[in-house]
Amino acid sequence: MIHSLQLPFPRGFHFEHTVYSHGWCALLPYRLDRTALQLRYPVQLSTTRIAELRIGPPRQSRPAVTVEVKGRLSEDHRAQLTRIASAMLHLDLDLQPFYRMSREDSRFSWMAQNRAGRMLRAPSFFEDAVKMLLTTNCSWSLTETMTSRLCETFGTVSPFGGHCFPVPEAIADSSEDVLRREVKLGYRAPYLLEMVRRIVRGDLSIEDFRGSSLPAAELYRELRGIKGIGDYAAGNLLKLLGRFDYLGIDSWCRAKYAEMYHNGNPVPDSEIVNFYAPFNEWRGLVMWLDVTRHWYGEKFPF
DNA sequence: GCGTCCAGGTCTACC
DNA sequence: GGTAGACCTGGACGC
């Protein structure tokens, strides 16, 4: 049975630019119908019940958000799914101050004009953190493969196809050997295992990062305290929390910046940091949009 | 077919 | 606090 959800969309929301804001839409359990521009995601409502969220192109300026689930949908589950869809699209992020700032600089005013900057997230910060760990020191195709194998090995089978993203408990009961041999995480295996076991023990309240009022520097320090999360991963996880104080520079950003501003000649990170420093608390977002600007004029790569 | 390099890094030991 | 070296995987590339 198909149910529709009503979400509170902020002014200036852009569905397509949110979906394609970075690579998350290409990682399971997200499934993207590129022709219809419909994003699907299986949500485990209980041990025996799974719903599929379907977020589609705008109708009357608002994306159509529907849920397919066998049978009736309780009010509690409807509210839960509404919260999840809202969290995925990061609808509570106010980008108006960022757009006002970008309009003041002709080099970056396109960001406001394109309503860019809202980044797709996972339903949980746990999933964001795991996926970020799996982007470190490898090609994008390997990130896709590792994520798929993680879902297939530990996630519940969805009646709508594929698997759900695993809960920490499912991975915590496993072993480093399984994570290395079957999921092929390599040296990331002990990092993931330590993270999920800390969560299960109650030593790491990972979902508290979302909605935290702590200063960005404090959140950054906490994230760096998770094994396997370094400067790059912590900086980019902060972006998924709506904090853009850190750049999260990786080799791809480095190369793109060098190509855009130095004819491809490598520059030290300190120069990139200085270049975006005037944008203060928005500098991480300005950098990311700047180095991905060609996506908006040409074609999104995912 | 085989060896090497490296990609959307991080940790640890050492200085 | 700065840096060298080790670390998994898998695709690209040269031979």
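Remember, predicted model here, so these are calculated numbers, not experimental data. Quick note: numbers below take in every heavy atom, side chains included, and nothing from hydrogens, waters or symmetry partners.
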Revision key, fill the gap. Between Arg254(A) and Lys227(A), the residue closer to the 5' end of DNA chain B by nearest nucleotide is Arg254(A)
Exercise for review: Report the distance from atom CG of Leu133(A) to atom P of dG8(B), rounded to the nearest whole Å.
Suggested key: 17 Å
Revision key, fill the gap. In whole angstroms, the gap separating C1' of dG8(B) from CD of Glu144(A) amounts to 12 Å
Check your understanding: Between atom CG in Leu192(A) and atom C1' in dG9(B), what is the gap in whole Å?
Key -> 16 Å
Review point. What integer distance in Å separates Leu185(A):CG from dT10(B):P?
Key: 16 Å
**Study point:** Whole angstrom value for the distance that separates P of dT12(B) from CZ of Arg224(A)
**Key:** 11 Å
Check your understanding: In whole Å, what separates the P atom of dA6(C) from that of dT4(B)?
Key -> 15 Å
**Study point:** NZ/NE/NH1/NH2 to OD/OE distance under 4.0 Å, Asp128(A) and Lys239(A)
**Key:** no
Review point. What interatomic distance, in whole Å, is found between P of dA4(C) and the corresponding atom of dG8(B)?
Key: 23 Å
Review point. With sugar-phosphate meaning primed atoms plus P, OP1 and OP2, does Ala189(A) contact a base, only sugar-phosphate, or nothing at under 4.0 Å between heavy atoms?
Key: nothing
Exercise for review: Under 4.0 Å from any heavy atom of chain A: name the first and the last nucleotide of DNA chain C that qualifies, 5' to 3'.
Suggested key: dC7(C) to dG10(C)
Review point. Touch check for Thr136(A), heavy atoms < 4.0 angstrom, all strands: base, sugar-phosphate only, or nothing?
Key: sugar-phosphate
Check your understanding: Given Val130(A), which of Tyr191(A), Phe125(A), Phe165(A) fulfils the side chain to side chain contact (heavy atoms under 4.5 Å, CB included) condition?
Key -> Phe165(A)
Review point. Which part of the nucleic acid, if any, lies within contact of Ile226(A), taking any heavy atom under 4.0 Å across all strands shown: a base, the sugar-phosphate backbone alone, or nothing?
Key: sugar-phosphate
Practice item. Have a look at Tyr257(A) and say if it touches a base, only the backbone sugar-phosphate, or nothing, with a 4.0 Å heavy-atom cut-off. Key: nothing
Check your understanding: Are Ile84(A) and Val167(A) connected, step by step, through hydrophobic side chains (Ile, Leu, Val, Met, Phe, Trp, Tyr) whose heavy atoms are closer than 4.5 Å?
Key -> no
Check your understanding: Is the distance between the ring centroids of Tyr261(A) and Phe275(A) under 6.0 Å?
Key -> yes
Check your understanding: Going through the distances and angles, do Asp290(A) and Tyr276(A) end up as a side-chain hydrogen bond (donor to acceptor under 3.5 Å, both in side chains)?
Key -> CA-CA 10 Å; Asp290(A) 200 25; Tyr276(A) 295 105; 2.7 Å; yes
Exercise for review: Starting from P on dG9(B), measure out to CE on Met146(A) and report it in whole angstrom.
Suggested key: 11 Å
Review point. Under the criteria of a ring-centre distance below 5.5 Å and an interplanar angle below 30°, is Trp140(A) stacked with the base of dG8(B)?
Key: yes
Practice item. Report yes or no: is there a donor-acceptor pair, N or O only, under 3.5 Å between the side chain of Tyr191(A) and the base of dG9(B)? Key: no
Practice item. Using the P atom as the reference point in each nucleotide, state the distance between dC11(B) and dG10(C) in Å, no decimals. Key: 22 Å
Exercise for review: Kindly say if Ser139(A) contacts the phosphate of dG8(B), meaning a side-chain N or O under 4.0 Å from OP1 or OP2.
Suggested key: no
Exercise for review: Calculate the interatomic distance between Asn137(A) atom CG and dT12(B) atom P; express it in whole Å.
Suggested key: 15 Å
Check your understanding: At under 4.0 Å between heavy atoms, what does Asn236(A) touch on the DNA or RNA strands: base, sugar-phosphate, or nothing?
Key -> nothing
Exercise for review: Begin from the C-alpha positions of Tyr30(A) and Trp24(A) and carry the test ring-ring contact (aromatic ring centres under 6.0 Å, His included) through to its verdict.
Suggested key: CA-CA 8 Å; Tyr30(A) 270 121; Trp24(A) 262 209; 9.0 Å; no
Check your understanding: Taking atom P of dG8(B) as reference, at what distance in whole Å does atom CG of Leu237(A) sit?
Key -> 18 Å
Check your understanding: Is Ile249(A) touching bases, backbone alone, or none of the nucleic acid, heavy atoms closer than 4.0 Å?
Key -> nothing
**Study point:** Centroid-centroid distance, Tyr257(A) to Trp252(A), less than 6.0 Å
**Key:** no
Practice item. May I ask you to say what Arg188(A) touches in the nucleic acid, namely base, sugar-phosphate or nothing, with a heavy-atom cut-off under 4.0 Å? Key: base
Practice item. With Lys70(A) as the cation and Phe160(A) as the aromatic partner, state whether NZ or CZ is under 6.0 Å from the six-membered ring centre and within 45° of the axis. Key: yes
Review point. Is the centre of the Phe98(A) ring less than 6.0 Å from the centre of the Phe244(A) ring?
Key: no
Point to revise | Mate of dG1(B) where both pairing distances stay under 3.5 Å, Watson-Crick or G-U | key: dC15(C)
Practice item. Provide the distance between the two P atoms, one in dG11(C) and one in dT10(B), to the nearest whole Å. Key: 23 Å
Exercise for review: Give none if dG10(C) has no partner; otherwise give the nucleotide forming a Watson-Crick or G-U wobble pair with it, both distances under 3.5 Å.
Suggested key: dC6(B)
Check your understanding: With a non-hydrogen cut-off below 4.0 angstrom, is Arg149(A) in contact with a base, only sugar-phosphate, or nothing?
Key -> sugar-phosphate
